[in-house]
Structure formats: structure tokens, C-alpha cells
Amino acid sequence: MENIEKVFVIQPITDDKWRSLHDEAVALIESAGGAYCGSCYQNIREINPATYIGSGKLGEIKSTLEGLEGVTVLFNGELTPSQTLNISAALDDRKVIDRTTLILDIFARNAVSSEGKLQVELAQLKYIYPRLKGKGSALSRLGGGIGSRGPGETQLETDRRYIRYRIRFLEKRLGELTVRRDLFSSRRSKDGAKVISLVGYTNTGKSSLMNALTGAGVLEKNALFATLDPTARRCVIDGKPFILTDTVGFIRQLPHDLVEAFKSTLESAINCDLALFVADASGDYQMQFETTQQTLAALGFDRPYLKVLNKCDLLDSTDTLPADCVYISVKKREGLEELKNAIMESLASSYAEVTLFVPYDRMSLYSRVSRFVNEKSRSYADGGMKVVCSVDRIYLPHIQDFIAEN
Ligand SMILES: Nc1nc2c(ncn2[C@@H]2O[C@H](COP(=O)(O)OP(=O)(O)O)[C@@H](O)[C@H]2O)c(=O)[nH]1
Ligand SMILES: [Mg+2]
């Protein structure tokens with residue numbers, strides 16, 4: 001069994017957003033496969049250039065963590081390479097990571113396509129390169145675990161010369177790649193399970209919802225699918241098999257350089273039969289939905305979706321919430337049946353049941369488009385084959401010529 005990495009958070013207090021940034025960090029730690037184990041906070045009036053936070057606070061943290069082995073320290077902000085080293089040194093050479101390192105680690109876990117992996121690796125290498133200078137480099141102190149992992153369960157390189165070469169290689173490769181988004185082939189698994197993806201801001205309850213729908217812990221990951229996407233799980237709704245995929249989630253104050261890497265982690269969300277846009281009913285859900293929709297639209301997203309407002313337990317009343325959403329509380333297990341019904345309805349309306357007639361002399365033509373349909377039955381008649389099938393409405397034009405009854 002893999003040891004779960006414990007993570008302690010240092011939260012600088014710079015403005016009134018610190019509390020939600022802290023909660024987001026806790027959710028991010030979980031997304032990186034770590035376990036949150038406590039926090040400390042410090043008001044920042046003036047940044048200490050050597051260690052960011054004051055030395056008194058560092059001493060306090062050192063004694064808090066005294067005797068605790070293997071606890072990683074997350075600084076929930078951005079550190080320079082030397083600040084990282086100095087904090088680590090002040091804390092008995094503990095492993096110290098900053099917010100960007102954590103975010104990149106999560107992106108690496110979530111990158112699925114080869115292009116996405118290249119993009120994330122490039123962002124990681126560019127971030128660690130300047131952190132490898134001098135003795136006792138920041139990366140060599142990562143040891144392993146969060147921050148040292150590249151896409152696809154690889155270990156990040158630490159040799160500066162190799163990294164320089166690799167960065168040039170990745171930039172060239174990405175420049176050459178014509179983005180090929182074969183939405184169809186990556187969707188739908190062998191048994192016809194439809195893919196539902198959870199998209200939205202971090203900390204809105206996507207992973208909790210995924211657990212609630214799939215039955216936390218009890219479900220074995222489908223081995224084949226797990227290797228493609230570490231965040232996919234199977235579940236059954238209304239007697240039908242589904243694959244749920246959990247995305248990284250939008251992150252506030254995402255460093256600008258990471259935007260491309262972030263988008264590539266959304267690819268798995270784009271290749272779905274239905275997307276659930278999850279927002280926090282007690283937060284700025286309008287902004288959350290808008291950002292989600294705009295970003296996905298820019299990536300070519302054209303799938304049906306449902307807007308879901310979670311954490312309704314935190315509101316006195318849902319009367320003022322927009323009517324086009326499903327209201328739920330994963331915590332109180334409320335609204336989940338309504339959500340399942342909405343999912344089934346939405347999927348039913350995006351598929352058409354059709355009967356095709358394929359003349360025998362056009363069988364080879366049909367074989368080229370048959371991947372667009374889910375065949376239910378075939379029967380053979382005079383002059384041709386009858387196929388009863390369901391088809392995603394967006395693929396109807398591909399099989400237009402064969403449709404006998406609609
Ligand atoms: N009050 C309340 N908290 C919730 C609810 N669902 C999730 N949470 C909490 O919100 C935090 C973030 O949840 P998580 O599932 O990790 O969000 P994700 O980042 O979107 O995957 C956790 O502390 C959850 O316990 C809910 O329905 N009500
Ligand atoms: Mg999550």
C-alpha cells in the first residue's frame with residue numbers, strides 16, 4: 001500500500017480572501033492524493049525576503065511539527081527557490097512545497113492525452129529549472145511524492161542540463177502537434193457505459209459528489225480505465241453503467257503560466273456524454289458557472305450539461321437560487337435522487353432511437369460509420385440489413401442515408 005503523504009499548511013494572511021484560499025488548498029491536497037493534517041496562519045504586513053514569513057512563526061511551526069515524521073509543509077502561496085530552501089532549513093530540512101508545485105502535481109496526475117502530458121511536463125520543468133540551482137537544491141529535497149511526480153507516473157528529471165534539452169524538445173513537439181480532438185474515439189467504453197464528467201471550481205464538492213454517486217471506497221477502479229485516467233470510476237444509475245470522471249477543478253489565482261497546462265487537464269471533461277457543472281450554492285456560483293462555461297466553450301466543448309448547486313445545506317432557503325439548476329447537498333445526502341433523474345432525462349433526450357436499413361451493397365460504407373451508433377439488434381431481410389440502434393443526436397448526420405425509421 002502506498003503511504004499517504006501528510007501535509008501541513010502555512011497560510012499567509014495577505015487579504016480577506018485567505019480563508020477560502022486556505023479551504024481550497026485543503027481540497028487541493030486531497031486531489032494530489034495527500035492527507036491534510038493541520039495549519040498555521042500568519043498575518044503578512046511585510047514579506048521577509050529570506051523566508052517570506054517571520055522567523056518567530058517558523059520557530060513556532062518547527063515546535064508544532066516536532067517529532068512528526070514525514071510531514072510535508074505546503075506554503076499556500078508562491079515562494080522563490082531560496083525562500084523554499086530557507087524555510088526547509090528552518091524546519092529541520094523538512095520537505096517544503098509551494099502552491100504552484102502542488103497545483104502542477106495535480107495537473108500531472110490528471111493529464112490524460114499525450115498532448116496534455118507534454119504541456120504539463122513543460123510547465124513543471126520550467127517551474128523547477130530555476131529551483132535546481134546551487135547546493136541543496138529545492139527539488140532534491142522533495143525526496144519523492146507531491147511535487148516530484150511528472151505526468152503518467154514518471155519521476156521528474158533533476159539534471160539541469162537534461163531539463164534544458166527536454167524543455168526545448170517539448171516546446172518543439174508541442175509546436176508541431178496539430179491538435180486532433182477525436183472526441184468520439186476517446187469517449188464510450190467497451191460495454192457502452194456513458195461518461196459523465198464533473199467540472200467546476202475546486203472545493204465545490206465534486207469529489208464528494210463522485211464518492212456519493214459511486215459509493216465511496218467500495219468501488220474498484222476499472223483497471224484498464226484507471227491507467228488512462230486516475231480520476232475515473234464506474235457507477236450504476238438506474239440500472240445502467242456509467243463512468244464518472246472527476247476533474248482538477250478551476251483554481252483561483254491560477255498562475256498565468258499554468259493556464260495552458262490547466263486546460264489540457266480538462267480534456268477528459270470534454271470527452272463526455274454529459275457534464276455536471278458543479279458550483280457552491282453558498283458562494284459566487286454565477287461567476288463559477290460563467291468561468292466554467294466560457295473556458296470549456298473555448299476548448300470546443302459541445303456536450304449537454306446540467307448545472308448543479310451543491311452545499312445547499314449552508315443556505316436558509318433555496319428560493320433565490322436560479323431555476324435552471326439541480327439543488328443538492330452531498331453532505332446531507334439531499335437532492336441526489338433528483339440529480340440522478342435529471343441525468344437520466346438529459347441523456348435520454350440527447351440520444352435518438354432509430355432503425356437503419358443498410359442495403360447489402362452498401363455494407364462497407366456502413367462499416368465506416370457504424371462506430372457512431374450503439375447497435376441493439378440486427379436482422380437480415382431481402383436486399384439489406386435492418387439495424388435497431390441508439391445514436392447520439394450530434395452524430396445523426398453521419399448515418400443520415402441509412403435511416404429508415406426515426
Ligand atoms: N456544507 C457542505 N460541505 C460540503 C458539501 N459537499 C462537500 N462539502 C465539503 O466541501 C469541501 C470540498 O469538497 P471536495 O469534494 O473535495 O470538493 P472538490 O474540490 O470540488 O472536489 C470538503 O470539505 C467537503 O466536505 C455539502 O453538500 N455541504
Ligand atoms: Mg476534488
Side-chain angles (χ1 to χ4, degrees), residues 4-5 7 9 11 17-39 74 76 99 102-112 146 196-217 219 221 229-233 235 243-254 262 265-266 268-269 272 275-285 287-289 291-292 295-296 305-318 321 325-340:
I4 294 180
E5 188 169 346
V7 184
V9 178
Q11 179 63 52
K17 299 230 171 61
W18 69 272
R19 201 177 284 279
S20 51
L21 280 171
H22 173 268
D23 293 349
E24 183 183 88
V26 174
L28 290 174
I29 289 168
E30 258 171 51
S31 299
Y36 167 71
C37 72
S39 309
L74 166 70
N76 195 20
R99 184 177 151 87
L102 174 66
I103 291 170
L104 282 170
D105 192 274
I106 298 167
F107 287 178
R109 281 171 70 97
N110 282 269
V112 178
I146 300 172
I196 302 175
S197 62
L198 297 162
V199 205
Y201 269 74
T202 291
N203 212 34
T204 53
K206 295 184 303 302
S207 301
S208 309
L209 177 59
M210 170 127 151
N211 286 339
L213 291 175
T214 58
L219 237 116
K221 278 186 193 170
D229 183 346
T231 57
R233 279 206 221 146
C235 74
I243 291 165
L244 276 184
T245 71
D246 189 6
T247 51
V248 173
F250 286 72
I251 296 166
R252 265 141 353 119
Q253 300 180 5
L254 185 69
F262 167 67
T265 64
L266 285 176
S268 64
C272 67
L276 303 184
F277 294 167
V278 185
D280 182 344
S282 69
D284 189 353
Y285 53 82
M287 178 281 289
Q288 295 183 348
F289 282 140
T291 318
T292 305
T295 309
L296 288 184
Y305 61 85
L306 283 174
K307 285 155 80 175
V308 181
L309 281 171
N310 186 30
K311 307 201 187 183
C312 286
D313 56 284
L314 297 175
L315 302 179
D316 294 330
S317 148
T318 53
L321 296 176
C325 302
V326 184
Y327 312 147
I328 63 168
S329 163
V330 177
K331 190 176 178 181
K332 294 258 164 79
R333 292 290 188 274
E334 281 165 5
L336 297 181
E337 284 309 312
E338 286 83 348
L339 176 60
K340 287 181 190 171

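Values below: all heavy atoms of this structure, side chains included; hydrogens, waters and symmetry mates excluded. Each ligand, and each atom within it, is numbered from 1 in the order the structure gives. All of these numbers come straight from a predicted model, not from anything done at the bench.
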query: Got a sec, which residues hit side-chain contact (heavy atoms from CB on, under 4.5 Å) with Glu30, two or more places apart in sequence or on another chain?
result: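 For Glu30 there are no side-chain contact (heavy atoms from CB on, under 4.5 Å) partners, ignoring immediate neighbours.
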
Any nitrogen or oxygen of [X], side chain or backbone, less than 3.5 Å from one on ligand 1?
{"X": "Lys206", "answer": "yes"}
{"X": "Ala27", "answer": "no"}
{"X": "Leu314", "answer": "no"}
{"X": "Lys331", "answer": "yes"}

Of all the non-hydrogen atoms in the protein, which one sits nearest to [atom], and at what distance?
{"atom": "atom 17 (O) of ligand 1", "answer": "Gly205 N, 3.0 Å"}
{"atom": "atom 22 (C) of ligand 1", "answer": "Asn203 OD1, 4.5 Å"}
{"atom": "atom 6 (N) of ligand 1", "answer": "Asn310 ND2, 3.1 Å"}

field: Closest to atom 10 (O) of ligand 1 among Glu334, Glu24, Lys311, Lys332 (heavy-atom distance)
entry: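 Shortest heavy-atom distance from atom 10 (O) of ligand 1: Lys311.
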
query: Within Ser207, is some N, O or S atom less than 2.8 Å away from the Mg ion (ligand 2)?
result: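 It does: Ser207 brings an N, O or S atom closer than 2.8 Å to the Mg ion (ligand 2).
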
field: Donor-acceptor side-chain pairing of Tyr36 and Ser39 below 3.5 angstrom
entry: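 Distance-only check passes for Tyr36 and Ser39.
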
task: Report yes or no: do Ser207 and Asp246 form a side-chain donor-acceptor pair below 3.5 Å?
output: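 Per modelled atom types, Ser207 and Asp246 side chains form a pair under 3.5 Å.
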
message: Is atom 25 (O) of ligand 1 touching the protein, meaning some protein heavy atom lies under 4.0 Å away?
response: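 So atom 25 (O) of ligand 1 lacks protein heavy-atom neighbours under 4.0 Å.
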
field: Min side-chain heavy-atom separation Leu339-Val326 under 4.5 Å
entry: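 Yes; the side chains approach each other to less than 4.5 Å.
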
Answer with side chain, backbone, both or neither: which part of [X] has a heavy atom less than 4.0 angstrom from an atom of ligand 1?
{"X": "Leu28", "answer": "neither"}
{"X": "Val278", "answer": "neither"}
{"X": "Asp313", "answer": "side chain"}

task: Kindly compute the distance separating CG (Asp23) from OG1 (Thr202), expressed to the nearest 0.5 Å.
output: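 Those atoms lie 12.0 Å apart.
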
- prompt: Nearest 0.5 Å, what's the CG-OH distance between Asp280 and Tyr285?
  reply: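 With rounding to 0.5 Å, CG (Asp280) is 10.5 Å from OH (Tyr285).
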
- prompt: When you measure from the side chain of Thr204 to the backbone N and O of Gly200, does any donor-acceptor pair fall under 3.5 Å?
  reply: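 Looks like no, no N/O pair under 3.5 Å.
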
Could you list which atoms of ligand 1 come closer than 4.0 Å to a heavy atom of [X]?
{"X": "Ser208", "value": "7 (C), 13 (O), 14 (P), 15 (O), 24 (C)"}
{"X": "Tyr201", "value": "20 (O)"}
{"X": "Thr202", "value": "19 (O)"}

Would you tabulate the side-chain donor-acceptor contacts of residues 328-336 under 3.5 Å, counting partners in other chains and residues two or more places apart, or write 'none'?
from: Ser329; atom 1: OG; to: Asp313; atom 2: OD1; distance (Å): 2.8
from: Ser329; atom 1: OG; to: Lys332; atom 2: N; distance (Å): 3.0
from: Arg333; atom 1: NH1; to: Val330; atom 2: O; distance (Å): 2.7

- prompt: Can Glu24 and Arg99 be counted as an ion pair, charged N to O under 4.0 angstrom?
  reply: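 Salt bridge present between Glu24 and Arg99.
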
query: Distance under 6.0 Å and angle within 45° of the ring axis: does Lys307 meet both against Phe277?
result: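 No cation-pi geometry.
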
